[in-house]
> 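Structure provided below as structure tokens; questions to follow.
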Amino acid sequence: MKKILPLLLLVLSITYGCKKDDDSVDPNFVPARDRGEEAPLSTLIIEEYLETHFYNYEAFENPPADFNFQITFDTIAGDNSDKIPLMRQVSSKTVKDRVTEGVTYKLYYLDVLEGAGEKPNFPDLATINYQGTYINLEESERPYTKLFDASSVPVSFDMTGIVNGLQDALIEFKTSSGFVTNPDGTVSFENFGAGAVFMQAGLGYYVNPPPTSNIPLYSQLIFTFQLYESEIGDQDNDGVPSFMEDVNNNGLEEDDDTDANGNPNFSDADDDGDGRPTSEEIIVNSDGTITFPDVDNDGIPDYLDSDS
Ligand SMILES: [Ca+2]
Ligand SMILES: [Ca+2]
Ligand SMILES: [Ca+2]
Ligand SMILES: [Ca+2]
């Protein structure tokens, strides 16, 4: 799972490398491809996959008794030539690149089971199972996709720490309505959300795949998942839920940094940098609601106001 910080660091070092045009530049240094130019190429690869593959929709329509409600894909060919291509069943939305201003992606996702619980917020913690594959472009090395990570048991993730495309997809689904405990002590979630997302490299790992993963640079990623539970995230533990730390209200947690100290508000326990922790500049009421005092009455709540 990608952490945001290394990617940002990487981009900074590339910028520095380009500007510094002297002998100290590593002769083997290859700058990352332009994210804006890469985006449409990535989309074409995704769309070709969606045109040539289908999912096990027939099993979801008439579930066999032992069906596990896992989404699987196969090529439209041979006995499966008459299957409906994913392209006709996916939804899409426009999402922003987190690195380069102005770059956007048409993100495709497949909504198979919507779920009967709650929609997570983008900076929440989500409990899911998942399978992550990448699209393999080496004709000599089929199969078309290769698995790089999976968990068949529920695992909880901080959605601000996972690949952006998966974060962008999970917020379109709902959690389960609850769970039952089985006689053997395991739990079974009921009415969970299930889907898949097909993401361009820029919403995946781009030039920064996990070191041991063998994922090639610029790989398009596909995740299938079941969404079970979510929990409101407060990553910096300052008492303000992280979804409320999206000051510019654009659905991204990375680009709000009131005191410009490099730590976005969702991971900054003193958002205005005035030396008083945010937790001391808000009032958490007994019913869990939060009051934001504005002592100098300038319209800026104290926790975002460095002079009050
Ligand atoms: Ca934001
Ligand atoms: Ca900050
Ligand atoms: Ca904060
Ligand atoms: Ca303040």
Side-chain angles (χ1 to χ4, degrees), residues 1-16 35 95-104 118-128 155-171 175 202-203 206 208 229-308:
M1 294 285 117
K2 188 207 74 182
K3 290 277 183 282
I4 289 155
L5 190 59
L7 185 58
L8 291 177
L9 286 176
L10 190 76
V11 173
L12 289 176
S13 71
I14 287 164
T15 311
Y16 184 60
R35 300 178 73 88
V95 303
K96 287 189 166 114
D97 188 65
R98 308 304 203 270
V99 178
T100 303
E101 184 84 27
V103 175
T104 58
E118 305 272 313
K119 271 192 176 184
N121 301 301
F122 63 94
D124 283 351
L125 311 177
T127 302
I128 62 174
V155 257
S156 186
F157 287 105
D158 175 349
M159 286 168 62
T160 66
I162 62 177
V163 283
N164 295 129
L166 182 56
Q167 178 189 31
D168 293 330
L170 286 173
I171 58 172
T175 61
L203 295 171
Y206 209 61
N208 197 27
E229 291 182 314
S230 70
E231 185 187 332
I232 290 182
D234 179 10
Q235 277 80 355
D236 55 10
N237 223 356
D238 65 358
V240 184
S242 293
F243 73 89
M244 294 173 69
E245 301 224 52
D246 176 19
V247 180
N248 65 0
N249 207 22
N250 68 348
L252 306 178
E253 76 281 2
E254 299 98 332
D255 62 356
D256 311 274
D257 183 7
T258 298
D259 61 3
N261 70 344
N263 292 334
N265 289 17
F266 83 99
S267 66
D268 190 338
D270 178 10
D271 291 297
D272 55 9
D274 64 357
R276 273 183 82 199
T278 292
S279 59
E280 293 176 16
E281 296 197 275
I282 62 170
I283 298 166
V284 180
N285 305 303
S286 53
D287 64 356
T289 58
I290 305 171
T291 303
F292 298 99
D294 176 12
V295 169
D296 64 2
N297 221 359
D298 65 354
I300 303 170
D302 293 352
Y303 82 106
L304 296 178
D305 193 347
S306 60
D307 69 7
S308 92

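Basis for what follows: all heavy atoms, side chains included, without hydrogens, waters or symmetry-related copies. Indexing begins at 1, ligand by ligand and atom by atom, following the structure's order.
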> Among the N, O or S atoms of Asp257, which one sits nearest to the Ca ion (ligand 2)?
OD1
> Pairs in or reaching into residues 236-246: which pass side-chain hydrogen bond (donor to acceptor under 3.5 Å, both in side chains), with residues at least two apart or in two chains?
Gln235-Ser242
> Does any N, O or S atom of Ser306, backbone or side chain, fall under 3.0 Å from the Ca ion (ligand 4)?
no
> Over all heavy atoms of both residues, which pair between Tyr303 and Glu281 is shortest? Give the atoms and the distance, please.
CA-OE1, 3.5 Å
> Can you check side-chain hydrogen bond (donor to acceptor under 3.5 Å, both in side chains) on Asp271 and Thr258, steps first, answer last?
CA-CA 6 Å; Asp271 291 297; Thr258 298; 5.9 Å; no
> With carbon and hydrogen excluded and only N/O/S kept, which atom of Asp305 is nearest the Ca ion (ligand 4)?
O
> Within a radius below 3.0 Å of the Ca ion (ligand 3), how many protein N, O or S atoms are present?
8
> Considering just N/O/S atoms, say which atom of Asp274 is closest to the Ca ion (ligand 4).
OD2
> How many angstroms lie between atom CZ of Phe122 and atom OG1 of Thr160, to the nearest 0.5 angstrom?
10.0 Å
> Do you know which N/O/S atom name in Asp259 is closest to the Ca ion (ligand 2)?
OD1
> Could you tell me which N, O or S atom of Asp272 is nearest to the Ca ion (ligand 4)?
OD2
> Which angle, to 10 degrees, forms at the Ca ion (ligand 2) with OD1 of Asn261 on one side and O of Asn263 on the other?
90°
> Test of understanding: with salt bridge (charged side-chain N to carboxylate O under 4.0 Å, His left out), list the residues that count as partners of Asp302, not counting sequence neighbours.
none
> How far apart are the C-alpha atoms of Asn285 and Thr289, what are their side-chain angles, what is the distance that settles it, and do they pass the side-chain hydrogen bond (donor to acceptor under 3.5 Å, both in side chains) test?
CA-CA 5 Å; Asn285 305 303; Thr289 58; 3.0 Å; yes
> Taking just the N, O or S atoms of Glu281, which one is nearest to the Ca ion (ligand 4)?
OE2
> Phe292 and side chain to side chain contact (heavy atoms under 4.5 Å, CB included): which partner among Ile300, Ile282, Leu304?
Ile282
> So, using salt bridge (charged side-chain N to carboxylate O under 4.0 Å, His left out) as the criterion, who are the partners of Asp168 when residues are at least two apart?
Arg98
> Is there a donor-acceptor pair closer than 3.5 Å between any side-chain N or O of Ser306 and the backbone N or O of Gly273?
no
> Supply the atom-to-atom distance Asp97 CG to Leu203 CG, rounded to the nearest 0.5 angstrom.
6.5 Å
> Can you see which heavy atom on Ile232 is nearest to which on Pro241, and at what distance?
CG2-CB, 3.7 Å
> Looking at Asp302, pick out the N, O or S atom nearest to the Ca ion (ligand 4) and give its name.
O
> Verify the distance test for Asp307 against the Ca ion (ligand 4): any N/O/S atom under 3.0 Å, yes or no.
no
